[in-house]
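Computed from heavy atoms alone, side chains included, the values below leave out hydrogens, waters and symmetry copies. The structure presented is a predicted model; accordingly, all values stated were derived computationally and were not measured.
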Amino acid sequence: KLIYAERTFNIFDIWRKKKKLIPITITVGYNGGIEIEDGRHRLNLAYYLGTSSIPILVSKNDLFEVCNILDLNAKTISGK
């Protein structure tokens, strides 16, 4: 558990210094829901801090389905 706390603290420290991290990577899982491929600690920390939005990376193949799941309009997403 100490490793996870250290990772979370490092992420917090990077954000506090206004540095950027690679966005969270998500895909559509076999069950049809969102799966976090990379970035669980970033997402948990963002949630804990009450962040209203966070960048994500989605493959072009999953974009339409992810937008439907998250109730977003694929045509208005930046990085088309």
Side-chain angles (χ1 to χ4, degrees):
K1 290 186 179 185
L2 183 59
I3 293 172
Y4 298 122
E6 185 176 336
R7 283 185 189 169
T8 302
F9 176 78
N10 289 338
I11 294 166
F12 178 77
D13 194 45
I14 290 168
W15 284 349
R16 186 179 58 81
K17 293 176 181 174
K18 306 290 185 197
K19 294 182 181 179
K20 295 183 179 181
L21 290 170
I22 297 170
I24 294 167
T25 305
I26 62 173
T27 61
V28 176
Y30 293 109
N31 64 356
I34 296 291
E35 289 195 14
I36 301 167
E37 292 290 317
D38 184 46
R40 285 178 185 83
H41 293 93
R42 285 168 272 168
L43 184 61
N44 285 332
L45 181 59
Y47 177 78
Y48 177 77
L49 295 174
T51 304
S52 60
S53 66
I54 189 165
I56 59 172
L57 288 176
V58 180
S59 74
K60 286 183 180 182
N61 294 338
D62 287 340
L63 182 60
F64 184 75
E65 197 166 353
V66 167
C67 287
N68 283 336
I69 293 168
L70 298 177
D71 196 26
L72 302 170
N73 184 343
K75 293 179 182 178
T76 62
I77 303 298
S78 62
K80 298 172 193 166

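To the nearest 0.5 Å, atoms OG1 (Thr51) and CG (Leu43) are separated by 9.5 Å. Between the CG atom of Leu21 and the CD1 atom of Ile14 there is a distance of 4.5 Å, given to the nearest 0.5 Å. Put simply, OG1 on Thr27 and CD1 on Ile36 are 9.5 Å apart, with the number rounded to the nearest 0.5 Å. Taking OG1 of Thr25 as the reference point, atom CG of Asp62 lies at 11.5 Å (rounded to 0.5 Å).
In this structure Asp13 satisfies the salt bridge (charged side-chain N to carboxylate O under 4.0 Å, His left out) test together with Arg16, Lys17, sequence neighbours excluded. Every residue two or more places apart in sequence or in another chain was checked for a side chain to side chain contact (heavy atoms under 4.5 Å, CB included) with Lys20, and none qualifies.
Annotation for Phe12 and Leu49: closest pair CD1-CD1, 4.0 Å, computed over non-hydrogen atoms. Ile56 and Leu70 make their closest contact through CD1-CD1, 4.3 Å (heavy atoms, listed as atom of the first residue, atom of the second, distance). The two atoms that bring Leu57 and Pro23 nearest to each other are CG-CB, 3.9 Å, heavy atoms only.
Here the side chains of Thr8 and Tyr48 are not in contact, with every heavy-atom distance at 4.5 Å or above. Residues Tyr47 and Ile54 form no side-chain contact, since every pair of their non-hydrogen atoms from C-beta on lies 4.5 Å or further apart.
Screening His41, Arg42, Arg40 against Arg7 for a side-chain contact (heavy atoms from CB on, under 4.5 Å) leaves a single residue, His41. Residue Val58 is tested with Val28, Val66, Ile24 for a side-chain contact (heavy atoms from CB on, under 4.5 Å); the sole match is Val66.
Grouping the Ile, Leu, Val, Met, Phe, Trp and Tyr side chains by contacts below 4.5 angstrom, directly or via other members, places Phe9 apart from Leu45.
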